[in-house]
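Please read the structure below before turning to the comments.
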Amino acid sequence: MSKALAESILRLKGDSSENNKMEFVSKLISDKFFVPVVVEADRQTHNITKMGYYSIAAENGSFLLVFTSVEAIGAWRKDVQFLELGYNDICGIVNVEGAEYAGVLIDHGGNNSMALKKDFLDKVKSHIKVKK
């Protein structure tokens, strides 16, 4: 996994120029995210019985935790299972009916930590062009 998104966030925090904003959005929609999951399985059959995502409560709602690298997850919490997902997948999780996510929190606890609200995610998603 490229750390391009993490580096782009740091640049954007230092200088919110139009170029840095465009680079951030470009990396946001093209990079993969590592999403920590909680998995419960039946002790006898080992079939998965329940799966959920980690989130963090904030003043304005709950934010889905996503990370830019395995190292960033490890800095937050050791020995956690995760899925590698793209931007559209993340938007799908945030927008699942009943999920009640206010948005996503990228790299929780790191220097490049950034919260993105659901309306921003949806706005960016609405501008993604699908290649045919």
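Counting from 1, the numbers follow the sequence of the chain as shown.
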Residues V39, K50; criterion side-chain contact (heavy atoms from CB on, under 4.5 Å); working and verdict: CA-CA 6 Å; V39 178; K50 194 175 187 182; over 6 Å; no
I93 side chain near L64 side chain, heavy-atom distance below 4.5 Å: yes
Euclidean distance, I73 CD1 relative to E71 CD, rounded to 0.5 Å: 9.5 Å
N111 atom CG: more than 12 heavy-atom contacts under 6.0 Å: no
D31 (side chain) donor-acceptor with L5 (main chain) under 3.5 angstrom: yes
Connected via hydrophobic side-chain network under 4.5 Å: I106 and L83: yes
Side chains of V80 and Y54 in contact at under 4.5 Å (non-hydrogen atoms): yes
More than 12 heavy atoms from other groups under 6.0 Å of CE on M51: yes
Reported CG-to-CD distance for the pair D42 and E40, which is rounded to 0.5 angstrom: 11.0 Å
Side chain to side chain, I56 and F63, heavy atoms closer than 4.5 Å: yes
Closest non-hydrogen atom pair, P36 against L65: CD-O, 3.5 Å
ring-ring contact (aromatic ring centres under 6.0 Å, His included), paired with F67, selected from F33, F82, Y53, W76: W76
From NZ (K21) to OG (S16), nearest 0.5 Å: 5.0 Å
Polar contact flag, side-chain donor to acceptor under 3.5 angstrom, T68-D107: yes
Heavy-atom side-chain proximity of L105 to S113 below 4.5 angstrom: yes
Within one Ile-Leu-Val-Met-Phe-Trp-Tyr cluster: L85 and V25, side-chain cutoff 4.5 Å: yes
Nearest-0.5 Å distance, NZ of residue K117 to CG of residue D122: 13.5 Å
Distance-minimising heavy-atom pair for E23 and S8: C-OG, 3.7 Å
side-chain contact (heavy atoms from CB on, under 4.5 Å) evaluation trace for L28 with L116: CA-CA 11 Å; L28 181 70; L116 302 175; 3.8 Å; yes
Validation row: I9, L12 side chains within 4.5 angstrom (heavy atoms): no
Validation row: K27, E7 side chains within 4.5 angstrom (heavy atoms): no
Any side-chain heavy-atom pair of N95 and K118 under 4.5 Å: yes
Heavy-atom side-chain contact between I29 and V124 under 4.5 Å: yes
Closest approach of L121 to G103 (non-hydrogen atoms, all atoms of both residues): CD1-CA, 4.3 Å
Interatomic distance, I90 atom CD1 to Y101 atom OH [nearest 0.5 angstrom]: 10.0 Å
N20 versus R11, closest heavy-atom pair with distance: ND2-O, 3.5 Å
Residue K123 excluded, over 12 heavy atoms near NZ under 6.0 Å: no
